[in-house]
Amino acid sequence: MSGDFWEVMQPELGWMHVQIRRLGVHDADLEDVAQEACLRIAQRWAERDLARHVRPWILAFLVRLCSDYRKRSRNRRVHYSLEESRMAGEGDPEQKVRAVEARELLLCALHSLPDDYQEILVLVVLNELAVTEAAEMLGLPLNTAYTRLRRAKLELAAAVRRLTLKGQP
Amino acid sequence: MTAPSKPPQKPVSGADELPAHESPDSVVPPELRPFIDAERERPNPSAEAVERIRRGVERHLDAGTQTRFSDLGEARPRSWRPVVTHALTFGIGLVAGAMMHAAWTTPAQNPSAVAAPTRNAAPMHSPESVPSASPHHAAPPAPPAPAPTAATEEPQPTAPSVIHHRSSPAPVPSGVGSPSTLERERILVEEARVALREGRAQDALVACRRHAQEFPGGMMLEDRWSLEVRALVASGNTRAARQELHQFETRFPRSLHRRSLRALVPISGPDTAAQVDSPSGP
């Protein structure tokens, strides 16, 4: 493997893990999917554009891999992981727990949306990519990407509202 | 991707009204903001989890094996190992089945049948006649059909203009997927890429051909193939490029290279076949 592969990829592994989770992969499968993503990236390592940041390039792999994963996976619910709970215990416990709940509720809402909404929301809203970049990554016409993003945001807001109401006593 | 022909549509919902100081793309309705902010600040997994991922990747890279999710879409050339293993198993099974059938349908004449613990009619095969299940001791399958000599006598092209990619995994050198082999593959592909970038299409084709010879079913087949299409276009051989692209798309229908290659290879127009038949040496 190329000498700089791990030099570049090692700091990105944690970030990849987070992205894979956002893209609807089960907790139990996160590491396996991350490994598969790394292997695919390794195969194409020589192709990357050194002038550009590596994250959008990695994200393109993750989006496609996780899309295939979601198509095969029937149970798409995301559960609290032990790791998440452990992190919730560090620092101010109450604040951490609230943050964990907010994150999990958001992911529940996100994963209840159609796949194409999930992808554009993860790319543009959570990773703050430009719509032009996301459109290119997803192979969409730009106007379609804008329309999809706008609808996805509205759907996400509605889903969060539903879950929030459901969680109230 | 080109610049938008018109500005993005204004949000239809008041919830999508954007603060002036923020980028319009990533801004969300106000009620979503705390959730999105929390998610954006999601902590990375533990160092142990990261280390596990790294170790897993290294293990797969070293062993050239596949992960649990290797079958998620296409991404890389299929490994030759399962094919060889299945073929070997199938061959052994065939031979064993044929021998068992022959033994059960003919009267016992083998002296070693005395030692047979079961089935009077089924003679115990002498050790040398029983194919072992273990590949290490497996007798070679039934004698192969007479080899077509014409194929072997055909002169091999010395400098093909187009590298012939196999539609099925061809025998590959042992050690495929090992770090040194992968490194060698990467060097060859990189050589082709650099040559292409510097406008030396012929050198790129030569590097591709060398990769094809050394690693016919290598891990970087897809990369090499896409580079070859680009090199053919760069050398003016659009007809060959188009043919190669067609085969490439058949083999890798979901490749990330597809769109860029399609954009590169003219769909119609004058077919040209430049003199790429004689790259400068192997």
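Here is how names work: the chains are called A, B, and so on, in the same order as the sequence lines, proteins then strands, and each is numbered from 1.
Contact annotation for L32(B): only side-chain heavy atoms (C-beta onward) come within less than 4.5 Å of a heavy atom of chain A. Heavy-atom distances place both the backbone and the side chain of L156(A) under 4.5 Å from chain B. Proximity to chain B (any heavy atom under 4.5 Å) is shown, for R98(A), by neither the backbone nor the side chain. Looking at V124(A), both its backbone and its side chain come within 4.5 Å of chain B, counting heavy atoms on both sides.
Within the structure, ring pair (Phe, Tyr, Trp, His ring centres under 6.0 Å) pairs that include any residue of residues 192-211 of chain B comprise H211(B)-F215(B) (at least two apart or interchain).
In summary, E185(B) and R224(B) do not engage in a salt bridge, as defined by a charged side-chain N under 4.0 Å from a carboxylate O. With respect to the salt-bridge test (charged N to carboxylate O, under 4.0 angstrom), the residues E58(B) and R54(B) qualify. By the 4.0 Å N-to-carboxylate-O rule, E36(A) lies close enough to R40(A) to be salt-bridged with it. The pair R70(A)-E119(A) counts as a salt bridge, with a side-chain nitrogen and a carboxylate oxygen less than 4.0 angstrom apart.
The side-chain heavy atoms of Q19(A) and V63(A), taken from C-beta on, include no pair separated by under 4.5 Å.
If you take CZ on F35(B) and CG on L110(A), they are separated by 13.0 Å, rounding to the nearest 0.5 Å. Separation of atoms CD (E244(B)) and OG (S226(B)) is listed at 11.5 Å; rounding is to 0.5 Å.
Below 4.5 Å, heavy atoms of chain A meet heavy atoms from R193(B), all part of residues 191-200 of chain B.
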